[in-house]
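Counting starts at 1 for both ligands and their atoms, following the listed order.
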Amino acid sequence: MKLLTIVILISLSIQITAQKKLFDETEQQKTERLAWWTHDRFGMFIHWGLYAMAARHEWVKKNERMTNEQYEKYFEIFDPDMFDPAEWARMAKAAGMKYAVITTKHHEGFCMFDSKYTDYKVTNTPYGKDIIKMWVDAFRAEGLKIGFYYSLIDWHHPDFEIDRVHPQSAKSDEEYKKLNKGRDMSRYREYLKNQVRELLTNYGTIDILWLDFSYPGKHGKGHEDWDSEGLLKMVRELQPNIIINDRLDLKAYEDGWDFTTPEQFKVPEWPTINGKKIPWETCQTFSGSWGYYRDEMTWKDTKQLLVLLIESVSKGGNLLLNVGPTGRGYFDARAVSALSDMGKWMKYNSRSIYGCTQAPEEFQVPPNCLLTYNPELNRLYIHLLDYPLQNFNLPGYKGKIKYAQFLHDASEIKISKPHGYWMKQKMGDNDVNLSLPVVKPDMEIPVIELFLN
Ligand code: GLC
C-alpha cells in the first residue's frame, strides 16, 4: 500500500509527452460525462468482504500469509444477518454523500455478487443472497449514484500468478517459477473480463467503476497482465457514461482513465498533467483500515473529516470516504456517529460543497481558512477553521463583495470598520473587514457566504 501511495504521489503533477488516445471523445464531451460527479463532490466507499470477519484489515490474508485453506473458515460461516442496505443508504444520504462505491470483489478474490464464473461467491455462503444486487437496489432507491470497486488482484484464483504482493510471495526467481507452474494468466484475464462484464450487464446503469490496482515491474502486474486496453474498451461499450479511476496502468493514454485517486494523503495542490488540472478524488478512511478492523484506534474526529472534504473541494477535487461494515453487516458505532456529525454540518452548509470548486486566484486565503467557490452562483465560501474574534480581515477584497452572510442561517454579516486601534492601523486600503459575532455559531466549521460583484 505504501508503494501505491508513492506511485500516486509521483504521478500527481506529471509531464507526459505525446499522449496516445483510445477513444474519440472530445475534452468537452468528457467534461460533460463527468459533470454530475464533479458537482456532487462527496461519496461513500464501502469495503466489505470475508475480511470483515477477521476484523484486522482487508489485507489480513497477505499480512498473515494465509493460504486458501486457512482462509476458508470465513467463507464457511459468512452470514451478515444484520445487513440492511436501506439503512446504509439512508446514512450515506443523510451524511450528504451523493454516490457510493462498494467492493464487489477485493484482493482476497471473494465475490459479493452472484457470478457464474466462480463458486467463491456470496450465494454459496450461509448468507446465500446476492449482496451486490440488494445493495444496488437500496442505494438507487435513495437516489444515490452507483459505483463498483473490482479488484484486479485475486489471491484466490488458481490461475492468478503469484507475485510480490501475493500472500504466498516468494524469495527468489526460482521459487516464483516453481509456485507459478501451471498458473495461466491468460485464463485469469478471461475470468476478470467475464466478471466485469457480468457486473456491468446484470445490475443496470453503473455510474462509476473502480478497478484496483496495478504495480508494474519485477514480480508485479500492469496493463499487459490485465489486458487493460481490451478491458477498458469493453467497459466503455457496455456502459458508455461510466466514470473510471486510474489504476489500470494506462497513464500512457490521455483517456485510459477519467480521474486520479490520491489515497490516504492530502494533495498539496490540484493535480496536473502537462500543466493541465485533472479530475481527482481522494479516498480516505475513518481510521487506518478499509475493511472493518476491530482494534484499530486511529479514528479521525469530525473536524478532521470535514476539513478533508472542504479542502478537497478547495483544490477542485472529490472525497470518497470509506466505511468498513462488520461481519454481521452493520456499520460500527464510530462510523455511524462520524457520518451523523458530518450530516449535521452538511445539512446547513452543503451549498459550499456541491457545485463548488477552487476559488479564483484573485481571492487571497485569510489565515486559518479554506475557500471554495461556486462559479454558477458567483459566490465565495470562507470556511473558518479557527473562529476569529469579531474583526475578520479580507485582504484585497475591496469592491468585490455585494453581500455577506453566514451560510448556515442566512444571517447578515456586517461589513464595517474594524474596532481597535491596532486593527485600524493594520488594515490595507483594499481590505474589507467583516464584523463577526463573538459567539461562535453552533457549527463545527462556520461558513461565510459572500455574494460577489
Ligand atoms: C489499496 C489497497 C486496498 C484498498 C484501496 C482503496 O489499493 O490495496 O486495500 O481497497 O487501496 O483505494
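Under the 3.5 Å distance criterion, with hydrogens and angles disregarded, a donor-acceptor pair is assigned to the side chains of Q264 and T285. There is no side-chain donor-acceptor pair under 3.5 Å between D225 and Y215. Between the side chains of S214 and H223, not a single donor N or O lies within less than 3.5 Å of an accepting N or O.
V447 is not listed as a side-chain neighbour of I382, based on a closest heavy-atom distance of 4.5 Å or more.
The shortest N or O to N or O distance between W210 and ligand 1 is not under 3.5 Å. Checked against a 3.5 angstrom limit, the closest N/O atoms of W290 and ligand 1 fall outside it.
Not a single heavy atom of Q264 sits under 4.0 Å from any atom of ligand 1.
Annotation: cation-pi pair K61/Y71 present, NZ/CZ under 6.0 Å from the ring centroid and within 45° of its normal. Figure legend: cation-pi geometry between K98 and Y354, with NZ or CZ positioned under 6.0 Å from the six-membered ring centre and within 45° of its axis.
When each atom of ligand 1 is checked for a heavy atom of H107 under 4.0 Å away, the hits are 2 (C), 3 (C), 8 (O). Interface atoms of ligand 1 facing C283, defined by a heavy-atom separation under 4.0 Å, are 12 (O). For ligand 1 and H47, the ligand atoms under 4.0 Å from any heavy atom of the residue are 4 (C), 6 (C), 10 (O). Atoms of ligand 1 found under 4.0 Å from any heavy atom of Y149 (numbered from 1 in listed order, with element): 10 (O). The ligand atoms of ligand 1 that sit less than 4.0 angstrom from a heavy atom of E58 are 3 (C), 9 (O). Numbered from 1 in the order shown, with element, the atoms of ligand 1 that lie under 4.0 Å from a heavy atom of W59 read 2 (C), 3 (C), 8 (O), 9 (O). Against a heavy-atom cut-off of under 4.0 Å, H106 is close to the following atoms of ligand 1: 3 (C), 4 (C), 9 (O), 10 (O).
Residue D227 is tested with M185, R189, E190 for a side-chain contact (heavy atoms from CB on, under 4.5 Å); the sole match is R189.
Taking all heavy atoms of T261, D212, N322 into account, the minimum distance to atom 7 (O) of ligand 1 is reached by D212.
A parallel orientation is assigned to the rings of H106 and Y149, their planes being inclined by less than 30° (bins at 30° and 60°).
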